[in-house]
Asks: 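Please find one structure pasted underneath; my questions will follow.
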There are 2 protein chains.
Amino acid sequence: MGLSESMKVLADPVRRQIIEKLKSGPKTAGEIADSFELTNATVSYHLKLLKKAGFIAEMKDKNFIYYSLNSTVFEDILTWIYQVGGKKHDE
Amino acid sequence: MGLSESMKVLADPVRRQIIEKLKSGPKTAGEIADSFELTNATVSYHLKLLKKAGFIAEMKDKNFIYYSLNSTVFEDILTWIYQVGGKKHDE
DNA sequence: AATCTATTTAGAAATATTTCTAAATAGATT
DNA sequence: AATCTATTTAGAAATATTTCTAAATAGATT
């Protein structure tokens, strides 16, 4: 919810890679886990943090859980960076 | 240097507050430390991380060390967020 | 209803981070 | 040169994070 939580979540490379993977559309927890050399349990832990921070949403279907990207949450971070003096993206 | 380091550095509220404080111009390590209920040693530790990640620069004068903001480093983070689907700041 | 499949939860171990106190540094003043 | 002042560094303690293995859940298939 807060900026610390959002940024902490994005600070981990595994979690950023999960987000990048979801850019191409929803994926099951298993599909996501397959792209890492980590156990499903560990990936599940990262998915939980991403979900808690609002970066992804989950949707159950059969015994699969699909995760998808929720890009609106990035707004707060952008706002903070602008406020602090980051340049405009296209200048 | 990398995105993980930058974001990890920004994930801490003390370090974000230091950055915000420096928006109004350079400050000495002591001035910065005074605004927190932390020892100077602890604030010095945070300043070291901020400097290492390139968010701030230091400048020695007499026995003071002045820290100032270097906003250019925020670019990489903005770029990553845009790439991942954050909305434009002014839309 | 038994079992299979996908995924999460619990708990432990390893590692990293934050904070402190005490000592060190280094330049300025007496 | 002795001392003061601002700040950092070293090392320890407390806390948080990441990962794993093993067990639990819960819906689907047989």
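Residue numbers start from 1 in every chain, and the chains themselves are labelled A, B, ... in the order their sequence lines are given, proteins ahead of strands.
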Asks: Quick check against the 3.5 Å criterion: does Arg15(B) have a side-chain atom that pairs as donor or acceptor with the backbone of Val9(B)?
Replies: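 Side chain of Arg15(B) to backbone of Val9(B): a pair is present.
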
Asks: Describe the nucleic acid contact of Tyr66(A) in one word from base, sugar-phosphate, nothing, applying a heavy-atom distance below 4.0 Å.
Replies: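 Nothing: the residue Tyr66(A), judged by heavy atoms under 4.0 Å, touches no strand.
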
Asks: Hey, is the main chain of Glu75(B) close enough, under 3.5 Å, to the side chain of Thr79(B) for a donor-acceptor pair?
Replies: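 Yes; judged by distance alone, with no hydrogens or angles, the pair exists.
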
Asks: Measure CD1/Ile65(B) against C1'/dT25(C) and give the value in whole Å, please.
Replies: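 For the pair Ile65(B) CD1 and dT25(C) C1', the rounded distance is 10 Å.
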
Asks: I need the minimum non-hydrogen distance between Lys23(A) and Gln83(B), along with the two atoms involved.
Replies: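 Closest pair (atom of Lys23(A), atom of Gln83(B), distance): NZ-O, 2.9 Å.
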
Asks: Per the side chain to side chain donor-acceptor pair (under 3.5 Å) rule, what does the pair list look like for residues 60-69 of chain B, sequence neighbours excluded?
Replies: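 Qualifying pairs: Glu58(B)-Tyr67(B).
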
Asks: Tell me, which of residues 22-34 of chain A have any heavy atom that sits under 4.0 Å from an atom in DNA chain D?
Replies: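 The answer is none.
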
Asks: Side chains of Ile19(A) and Leu10(A): does their closest heavy-atom pair fall under 4.5 Å?
Replies: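 Ile19(A) reaches Leu10(A) side chain to side chain.
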
Asks: Output the residues of residues 54-63 of chain A in contact with DNA chain C, where contact means a heavy atom of the residue under 4.0 Å from an atom of the strand; sort by number or write none.
Replies: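 DNA chain C contact set from residues 54-63 of chain A: Asn63(A).
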
Asks: Without hydrogens or angle criteria, can the side chains of Trp80(A) and Glu20(B) be said to hold a donor-acceptor pair below 3.5 Å?
Replies: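 Short answer, yes.
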
Asks: Only Watson-Crick and G-U wobble pairs with both distances less than 3.5 Å should count. Give DNA chain D in dot-bracket notation, marking inter-strand partners with |.
Replies: ||||||||||||||||||||||||||||||

Asks: Which atoms form the tightest heavy-atom contact between Leu47(B) and Ile32(B), and what is the distance?
Replies: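 Closest pair (atom of Leu47(B), atom of Ile32(B), distance): CD2-CD1, 4.0 Å.
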
Asks: Measure the distance from CG on Leu50(A) to C1' on dT8(C) and round it to the nearest whole Å.
Replies: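 For the pair Leu50(A) CG and dT8(C) C1', the rounded distance is 15 Å.
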
Asks: Would you say Asp12(A) and His46(A) make side-chain contact, with heavy atoms under 4.5 Å?
Replies: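 Touching, per the 4.5 Å side-chain cut-off.
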
Asks: Measure the shortest side-chain to side-chain distance between Ser4(B) and Arg16(A) over non-hydrogen atoms and say whether it is less than 4.5 angstrom.
Replies: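 Yes, side chains in contact.
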
Asks: So, using side-chain contact (heavy atoms from CB on, under 4.5 Å) as the criterion, who are the partners of Asn70(B) when residues are at least two apart?
Replies: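 Checked Asn70(B) against side-chain contact (heavy atoms from CB on, under 4.5 Å); matches are Thr72(B), Val73(B).
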
Asks: May I have the distance from Phe64(A) (atom CZ) to dA6(C) (atom P), rounded to whole angstrom?
Replies: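 After rounding, the gap between these two atoms is 5 Å.
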
Asks: Can you confirm whether Leu3(A) sits close enough to Met7(A) that some side-chain heavy atom of one is under 4.5 Å from a side-chain heavy atom of the other?
Replies: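 Side chain of Leu3(A) against side chain of Met7(A), heavy atoms only: contact under 4.5 Å found.
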
Asks: Take the protein atom CG of Leu47(A) and the nucleotide atom P of dT7(C), then report the distance between them rounded to whole Å.
Replies: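 So the two atoms are 10 Å apart, to the nearest Å.
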
Asks: Tell me if the centroids of the rings in Phe74(B) and Phe55(B) come within less than 6.0 Å of each other.
Replies: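 Distance test on ring centres: under 6.0 Å, yes.
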
Asks: Could you go over nucleotides 16-23 of chain C and give all protein N or O partners under 3.5 Å, atom names and distances?
Replies:
| from | atom 1 | to | atom 2 | distance (Å) |
| --- | --- | --- | --- | --- |
| dT17(C) | OP1 | Lys8(B) | NZ | 3.1 |
| dT18(C) | OP1 | Asp12(B) | OD2 | 3.4 |
| dT18(C) | OP1 | Arg15(B) | NH2 | 3.2 |
| dT18(C) | OP2 | Arg15(B) | NH1 | 3.1 |
| dT18(C) | OP2 | Tyr45(B) | OH | 2.8 |
| dT19(C) | OP2 | His46(B) | NE2 | 2.4 |
| dC20(C) | OP2 | Thr39(B) | N | 3.0 |
| dC20(C) | OP2 | Thr39(B) | OG1 | 3.2 |
| dC20(C) | OP2 | Thr42(B) | OG1 | 2.8 |

Asks: Quick check on the hydrophobic clustering: are Phe36(A) and Phe64(A) connected, directly or via other members, by side-chain heavy-atom contacts under 4.5 Å?
Replies: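 Phe36(A) does not cluster with Phe64(A).
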
